[in-house]
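Here is the structure we will look at, set down as structure tokens.
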Amino acid sequence: VHFGLEMLWKSVEMGMLEMTTSEKRLHGFCATNWDTKMICYLLNKYNANKTVEFTGEGIYQQIGLLPRNAKVTIETLEDPDGPLNAEEGKKWFEQWKGHWGEVKKDIKNLNLEKDQKFTHTVPPLSFVSFEFIRPQ
């Protein structure tokens, strides 16, 4: 819940953009301030890694306000203990302890002139945010 509320807070007063995926249980949206940044959020509801690719005309239209070289900060909230399995004799809050508590952060520099796409592997059962920033 905390990560979801933080996503909404970071997107306040930004324009909302549609995101489409080819997977039924991989959901997302983007938000932009139309000037210096765009944030994209993904929820992977699969119990498997999913590779996402920002590519083609769409990335240039959405990040078109950013140069083709940009910094992207990737924050991943994942369940370090794997899926929650029912344990006999334990209440749900006792079983939940330790789940959904680890946020990993990675920073990459994009060169869309060279690469023509941005690819990232999203871990199973995770929330991921991609924040694209125009270099100063």
Side-chain angles (χ1 to χ4, degrees):
V1 171
H2 171 80
F3 196 75
L5 291 174
E6 192 171 297
M7 285 181 354
L8 292 174
W9 176 80
K10 287 180 181 179
S11 303
V12 168
E13 296 185 7
M14 295 178 84
M16 303 306 287
L17 304 170
E18 182 180 354
M19 176 188 286
T20 57
T21 70
S22 59
E23 300 285 344
K24 291 180 181 177
R25 293 171 38 210
L26 186 63
H27 309 285
F29 72 93
C30 294
T32 183
N33 68 0
W34 305 106
D35 183 29
T36 57
K37 74 177 171 179
M38 180 176 79
I39 306 171
C40 296
Y41 303 99
L42 279 173
L43 169 60
N44 181 7
K45 295 171 80 176
Y46 287 97
N47 198 13
N49 287 336
K50 290 293 175 182
T51 299
V52 295
E53 186 175 277
F54 294 86
T55 187
E57 194 64 29
I59 194 168
Y60 300 124
Q61 289 172 349
Q62 304 305 336
I63 307 179
L65 298 171
L66 299 174
R68 292 185 183 226
N69 60 340
K71 179 179 87 169
V72 61
T73 301
I74 305 165
E75 290 185 328
T76 305
L77 175 65
E78 61 182 316
D79 184 347
D81 296 331
L84 186 63
N85 296 314
E87 295 179 43
E88 195 165 325
K90 283 191 172 183
K91 297 183 177 166
W92 71 268
F93 54 87
E94 295 171 319
Q95 295 176 50
W96 195 256
K97 186 177 179 183
H99 287 269
W100 293 101
E102 188 175 342
V103 177
K104 294 180 182 175
K105 188 174 186 176
D106 189 20
I107 298 173
K108 296 182 178 186
N109 291 307
L110 298 182
N111 182 347
L112 296 177
E113 292 286 346
K114 176 183 165 206
D115 302 327
Q116 296 297 307
K117 65 182 174 182
F118 170 62
T119 305
H120 183 76
T121 300
V122 178
L125 305 173
S126 63
F127 284 106
V128 182
S129 71
F130 302 89
E131 184 174 38
F132 299 89
I133 302 287
R134 174 197 304 244
Q136 300 296 338

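This structure is a prediction, so every number in the text was calculated from the model and none was measured. The chain is numbered in sequence order, starting from 1.
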Taking the side chain as every heavy atom from C-beta outward, state whether [X] and [Y] have any pair of such atoms under 4.5 Å apart.
{"X": "C40", "Y": "F132", "answer": "yes"}
{"X": "T119", "Y": "T51", "answer": "yes"}
{"X": "V122", "Y": "T76", "answer": "no"}
{"X": "N47", "Y": "L125", "answer": "yes"}

Say you draw a straight line from [atom1] of [X] to [atom2] of [Y]; how long is it, rounded to the nearest 0.5 Å?
{"X": "K71", "Y": "L110", "atom1": "NZ", "atom2": "CG", "value": "11.5 Å"}
{"X": "S126", "Y": "L43", "atom1": "OG", "atom2": "CG", "value": "7.5 Å"}
{"X": "F130", "Y": "M38", "atom1": "CZ", "atom2": "CE", "value": "10.5 Å"}
{"X": "I74", "Y": "E131", "atom1": "CD1", "atom2": "CD", "value": "11.5 Å"}
{"X": "H120", "Y": "D106", "atom1": "NE2", "atom2": "CG", "value": "7.0 Å"}

Between I107 and I39, is there a shared hydrophobic cluster once you connect ILVMFWY residues whose side-chain heavy atoms come closer than 4.5 Å?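 Shared cluster, no.
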Parallel, tilted or perpendicular for F29 and Y41, by the 30°/60° rule?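 Because their plane-to-plane angle lies in the 30° to 60° range, the rings of F29 and Y41 count as tilted.
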Side-chain donor or acceptor of N44 paired with backbone N/O of P123 under 3.5 Å: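 Between the backbone of P123 and the side chain of N44 there is a qualifying donor-acceptor contact (under 3.5 Å).
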Where do [X] and [Y] come nearest, in terms of heavy atoms and distance?
{"X": "M14", "Y": "A31", "answer": "CE-O, 3.6 Å"}
{"X": "P124", "Y": "A48", "answer": "CB-N, 3.3 Å"}
{"X": "Y46", "Y": "R25", "answer": "OH-N, 3.3 Å"}
{"X": "T32", "Y": "K37", "answer": "OG1-O, 2.9 Å"}

